[in-house]
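Heads up: the structure comes next, in structure tokens.
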Amino acid sequence: MQSVSEMNAQGLIDTARALVAGDKGLLAMDESNPTCNKRFAMVGIPQTEEARRAYRELIVTTPGLGECISGVILYDETIRQRKKDGTPFIKVIIDAGIIPGIKVDTGAKNLAGHPGEKITEGLDGLRERLAEYFQIGARFAKWRAVIAVGAGIPSRGCIEANAQALARYAALCQEAGLVPIVEPEVLMDGEHTLNRCGEVTEDVLRTVFGQLFIQRVALEGMILKPNMVLPGLTCPKQEGVDEVADATVKCLLRAVPAAVPGIAFLSGGQSGELASARLNAMNVRFKSRRPWALAFSFARAIQQPALEIWHGREATVPAAQQALYHRARCNGAARRGEYNAAMERTWA
Ligand code: 13P
């Protein structure tokens, strides 16, 4: 007979594989209240709980969303919310064939003794929170570490502390039957080059996988959510799509064990079109040379056009949902290596 931990391990592997199956990917809609309010403020939407609820209802009721989206990442407020007609979001999501997940870190705070660097918090009480989220229906969880690039940073202290926190979170998730989405994000801000981003990303990933090993995390039952390897936003040299794809996958091939079933990129502030084009190029250029699925777990690169169209108005919900569905489809096509600029012109 299988032991409980073996059954647990098989469940984790099945969920992790389902999250990156076919040409699907994840939709991150786990903005914390302050972050969601910030996005609303930028386009002039009132920053209220009801506006956040209405926006998330728009997202989870988008017709056809489950065709390209395997899982959605929720926030603590959102996982408890309901549609206007009283149906819990979690039921809407599951009925759409989508796996519900939850953001469980409590945010990045200043790292003591390390000016300009952050450490992600949220380990205290995490075991109990994970048990509650599992009971509500979540089957995976996300934790984001933030690594800034600049003069003299990132430091060893920042990389090691964040990697250890990620590994402790991942081990607790697997104990609770939740697939950990391990997200070490090297930020785009700054004038660093593509090469420098590649060096930092490789260092961070090697350190993270070292810590995951030490904390006995089963790689088969997790998903990695990394940044793409990109030049800093204000770097004078901005490489093309193919160079970004090559730098990203070469870095991942060096640092990510083949036992990991899937890599689902964050978008990090890239436009929707660029994020799709870069993911597409990776899947075209490394079609037969990569051991893991190369998928997406975008927030802004899927949501932003829909948010702008919606603008807090009931009448624009169908158009906003079409925009959201379109971006999800583009990323599904990018997973197959079939995305092209013409897709952007033919949907509306
Ligand atoms: P972006 O795709 O907007 O970077 O968000 C992904 C995410 O989940 C950040 O934690």
Side-chain angles (χ1 to χ4, degrees), residues 19-20 25-40 42-43 55-56 59 68-79 98-109 118-122 138 140-149 162 165-166 169-170 173 179-190 197 201 204 208 222-230 232-233 244 248 262-279 282 294-308 323-324 327-328 330-331 334-335:
L19 286 172
V20 292
L26 305 174
L27 166 58
M29 50 180 289
D30 61 330
E31 298 84 3
S32 63
N33 291 348
T35 302
C36 187
N37 288 343
K38 195 169 80 187
R39 304 260 152 86
F40 280 10
M42 276 162 61
V43 289
Y55 178 55
R56 269 61 180 261
I59 295 179
C68 315
I69 300 297
S70 56
V72 292
I73 316 177
L74 304 168
Y75 179 61
D76 184 72
E77 176 180 273
T78 324
I79 200 170
I98 298 173
I99 305 172
I102 179 82
K103 167 196 175 76
V104 298
D105 66 70
T106 55
K109 311 284 158 61
K118 303 270 187 199
I119 176 71
T120 300
E121 296 188 345
F140 69 98
K142 187 199 94 170
W143 177 291
R144 172 175 176 255
V146 188
I147 311 289
V149 183
N162 276 292
L166 273 168
Y169 135 83
C173 283
V179 168
I181 309 288
V182 174
E183 181 180 10
E185 175 173 8
V186 177
L187 296 175
M188 285 164 69
D189 308 81
C197 178
T201 303
V204 167
V208 166
M222 64 161 276
I223 300 291
L224 178 71
K225 176 166 174 168
N227 53 284
M228 296 183 191
V229 173
L230 302 170
L233 279 174
V244 163
T248 301
I263 294 175
F265 293 101
L266 60 94
S267 59
Q270 304 172 64
S271 71
E273 284 89 342
L274 257 184
S276 298
R278 287 164 169 165
L279 179 63
M282 291 182 220
L294 284 174
F296 55 92
S297 177
F298 299 154
R300 283 163 287 179
I302 293 181
Q303 290 185 42
Q304 196 58 31
L307 179 64
E308 286 168 21
L324 191 84
R327 287 256 57 83
C330 285
N331 291 311
R335 281 214 54 187

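When a ligand or atom number is given, it counts from 1 through the structure's own listing order. All heavy atoms count here, side chains included; hydrogens, waters and symmetry mates do not.
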Atom of P184, atom of N227 and distance for their closest heavy-atom approach: O-OD1, 3.5 Å
Pairs touching residues 68-79 that satisfy salt bridge (charged side-chain N to carboxylate O under 4.0 Å, His left out), sequence neighbours left out: R52-E77, D76-R80
Set of side-chain hydrogen bond (donor to acceptor under 3.5 Å, both in side chains) partners for Y169, sequence neighbours left out: none
Neighbouring residues of ligand 1, heavy-atom cut-off under 4.0 Å: A28, D30, K142, R144, E183, K225, L266, S267, G268, S297, F298, A299, R300
Salt bridge flag under 4.0 Å for residues R278 and E273: no
Under the salt bridge (Lys or Arg N to Asp or Glu O under 4.0 Å) test, residues paired with D189 that sit two or more places apart: none
Check: L279 main-chain N/O paired with R335 side-chain donor or acceptor under 3.5 Å: no
